[in-house]
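Below: the structure, in structure tokens.
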Amino acid sequence: MTTITSEQTYAPRQSWFARSEAWLDDKGKGAWIAAMVLGFIFFWPVGLALLMYMIWSKRMFSGKSCARRGSRHMMSTRSTGNSAFDAYKADTLRRLEEEQNNFEAFLERLREAKDKAEFDQFMNDRAKSKDDTADA
């Protein structure tokens with residue numbers, strides 16, 4: 001004779017707040033915004049509370065764009081299993097980072113040159129105005 005045993009795991013029942021939060025998270029940022037707007041329409045303190053909660057819990061500024069940014073980094077460091085392609089990818093990424101660093105250095109030199117030119121212009125204008133007041 002065989003016996004069937006069933007193991008049941010009981011999860012603690014979540015509060016209505018936790019259930020609604022999970023439901024809104026499943027629906028995405030648009031659902032949070034819609035809930036906030038409806039809160040403002042029907043009873044403004046509810047909308048304000050939702051807005052503050054979204055900002056406090058960082059739901060307002062997280063989302064798919066942040067997740068894509070993180071996954072893109074993960075994909076660039078992940079091995080494909082093909083050593084030749086991985087070497088090519090590593091070399092290409094290294095060259096691109098080097099070009100980016102060179103370009104950022106170039107932009108920094110341009111900013112410094114512009115700042116120096118503006119400062120020189122300021123000093124010349126100041127000296128010119130000082131000469132004009134001395135002549136008068």
query = Are the side chains of K89 and F85 in touch, meaning some heavy atoms are under 4.5 Å apart?
reply = yes
task = Taking the side chain as every heavy atom from C-beta outward, state whether L38 and F42 have any atom pair closer than 4.5 Å.
result = yes
request  = Determine the minimum heavy-atom distance between S79 and D86, stating which atoms define it.
outcome  = OG-OD2, 2.9 Å
ask   = Rounded to the nearest 0.5 Å, how far does CG of L96 lie from OG1 of T92?
value = 6.5 Å
key: Side-chain touch F43/V46, heavy atoms, less than 4.5 angstrom   = yes
message = Main chain of E97, side chain of N101: is a donor-acceptor contact present, judged purely on distance under 3.5 Å?
response = yes
request  = Report yes if the side chains of F106 and R111 come closer than 4.5 Å at any heavy-atom pair, otherwise no.
outcome  = no
ask   = Does a salt bridge link D91 with R94, judged by any charged N lying under 4.0 Å from a carboxylate O?
value = yes
request  = Apply side-chain contact (heavy atoms from CB on, under 4.5 Å) to the pair D25 and W32, showing each step before the final yes or no.
outcome  = CA-CA 8 Å; D25 281 342; W32 278 100; 3.0 Å; yes
key: Side chain proximity check, M36 to L48, heavy atoms < 4.5 angstrom   = no
ask   = Taking the side chain as C-beta and beyond, is there a heavy-atom pair between Y53 and E21 under 4.5 Å?
value = yes
query = Once you round to the nearest 0.5 Å, how far does CD of E112 lie from NZ of K116?
reply = 11.5 Å
